[in-house]
A.B. asks: 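Got a structure here, written out as structure tokens. Questions coming.
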Protein chains: 2
Amino acid sequence: MDVVSALKKLKDNGYKHTDKREDMLTLFSEEKRYLSAKEVLENLQDEYPGLSFDTIYRNLSLFEELEILEVTELNGEKRFRFSCETNHHHHHLICLQCGKTKHIDVCPMEDITLKASDFNVTGHKFEVYGYCSACQ
Amino acid sequence: MDVVSALKKLKDNGYKHTDKREDMLTLFSEEKRYLSAKEVLENLQDEYPGLSFDTIYRNLSLFEELEILEVTELNGEKRFRFSCETNHHHHHLICLQCGKTKHIDVCPMEDITLKASDFNVTGHKFEVYGYCSACQ
DNA sequence: ACATTAAATCGTAATCATTCTTAATAAAAA
DNA sequence: TTTTTATTAAGAATGATTACGATTTAATGT
Ligand SMILES: [Mn+2]
Ligand SMILES: [Mn+2]
Ligand SMILES: [Zn+2]
Ligand SMILES: [Zn+2]
């Protein structure tokens, strides 16, 4: 996922192109890590004084719906990152300090034969937490 | 973990025995599933009119500290369940509707050789979500 | 370029889970 | 039974997120 194809996806789905949306996408493409709504706001409000939290949240949700961003929840707050380029199903190593990530190619679900016959499995989450080299 | 040994753990660590604490523990021992703070409150406020949310949260945190309860976060709210009897490190299948759980004995971390040399790994989370037989 | 229309944004209030504060209460110890 | 200290109630405060009505702006057609 990159800014250009994200903007195209917006247009293809009937959403408008705005400077704020483009700047949000650019931010995510530059910072390859999980960002909170607050971090996104702070990064943009120099250029847009009076930028509303509502705008941030609305667009983050939209981007998530369009699979431009992926989301995780950490310490009671949502964090978003640019969807990975690869289509390969995978998981992440996440820095608890700065949100930086590394890929984990293995998916535990592949190995585990869930004989959970009476359980209708709809999803799973596998995340490994720690601190990146810069944050240790 | 059971009510008796949980109460003992409280006493051993210098905490007092109160009816509310005992009733909270009894609730968790009866309902073998993840409960939210709200659910705990609702279950006890028949017996204790005017029971405070603060009391619930304070005791939930205390129980978590003493490893009497284990916690997970789902849809932006914490959910607690009685710690599993087994000492064996394991994970859970969680019903998104009612919080019922099943054990998953396999831990993905055992298999994965994390060559994340520059990452200081401090923890991980592996949860499988779905709907239990009663909730489908 | 201009007008029209629907989407996007602002500003702010509301909501929801959780935490904090202070005074009153109850459990354990003396 | 008195004292000590932990626990609780009540409600205010917080922090993240969502909702709302009014205003602005992007896209579209003229
Ligand atoms: Mn997977
Ligand atoms: Mn594990
Ligand atoms: Zn880091
Ligand atoms: Zn269920």
A.B. asks: Whole Å only: how far is the CD atom of E73(B) from the C1' atom of dT17(D)?
C.D. replies: 14 Å
A.B. asks: Roughly how many Å is it from NE2 in H17(A) to P in dA27(D), rounded to a whole number?
C.D. replies: 7 Å
A.B. asks: When you measure from the side chain of Y57(A), which nucleotide among dT9(C), dA16(D), dA28(C) comes out closest?
C.D. replies: dA16(D)
A.B. asks: Using the rule side chain to side chain contact (heavy atoms under 4.5 Å, CB included), only one of V128(B), I94(B), L93(B) pairs with K102(B); which is it?
C.D. replies: L93(B)
A.B. asks: Does a side-chain N or O of K20(A) approach OP1 or OP2 of dC10(C) to a distance below 4.0 Å, or not?
C.D. replies: yes
A.B. asks: Counting just side-chain N and O atoms, does R58(A) come under 4.0 Å of either OP1 or OP2 of dT9(C)?
C.D. replies: yes
A.B. asks: Counting heavy atoms from C-beta on, name the nucleotide in dA17(C), dA8(C), dA9(D) closest to the side chain of Y15(A).
C.D. replies: dA8(C)
A.B. asks: Do V121(B) and L74(A) land in one hydrophobic cluster if side-chain heavy atoms of ILVMFWY residues count as linked below 4.5 Å?
C.D. replies: no
A.B. asks: Specify the separation, in whole Å, of atom CG of L60(A) and atom P of dT17(D).
C.D. replies: 9 Å
A.B. asks: Give T55(A) one of three labels, base, sugar-phosphate or nothing, depending on what nucleic acid heavy atoms sit under 4.0 Å from its own.
C.D. replies: sugar-phosphate
A.B. asks: If I take atom CD in residue Q45(B) and atom C1' in nucleotide dA10(D), what distance separates them, rounded to the nearest angstrom?
C.D. replies: 14 Å
A.B. asks: Return yes if some donor-acceptor pair links the side-chain N/O of E73(B) with the main-chain N/O of G76(A) below 3.5 Å, else return no.
C.D. replies: yes
A.B. asks: Tell me the interatomic distance from L51(B), atom CG, to dT25(C), atom P, rounded to whole angstroms.
C.D. replies: 17 Å
A.B. asks: Tell me: CG of L44(A) to P of dC10(C), nearest whole Å?
C.D. replies: 10 Å
A.B. asks: Between dA13(D) atom C1' and F53(B) atom CZ, what is the distance in whole Å?
C.D. replies: 16 Å
A.B. asks: Please work out if N59(B) contacts a base, only the sugar-phosphate, or nothing of the nucleic acid, heavy-atom cut-off 4.0 Å.
C.D. replies: sugar-phosphate
A.B. asks: When you match D54(A) and S36(A) each to their closest nucleotide on DNA chain D, which lands nearer the 5' end?
C.D. replies: S36(A)
A.B. asks: Any donor-acceptor pair under 3.5 Å between the side chain of K16(B) and the base of dT5(D)?
C.D. replies: yes
A.B. asks: Does the side chain of K78(A) get closer than 4.0 angstrom to OP1 or OP2 of dT18(D) through an N or O atom?
C.D. replies: yes
A.B. asks: Both D19(B) and T18(A) contact DNA chain C. Taking the nearest nucleotide for each, which residue is further toward the 5' end?
C.D. replies: T18(A)
A.B. asks: DNA chain C: G14(A) or K38(B), which has the more 5' nearest nucleotide?
C.D. replies: G14(A)
A.B. asks: Can you tell which of K32(B), R81(B), R33(B) makes a side chain to side chain donor-acceptor pair (under 3.5 Å) with T101(B)?
C.D. replies: R81(B)
A.B. asks: So, for H91(B) and H124(A), is the gap between ring centers shorter than 6.0 Å?
C.D. replies: no
A.B. asks: In whole angstroms, how far is the P atom of dC20(C) from the CD1 atom of I56(B)?
C.D. replies: 17 Å
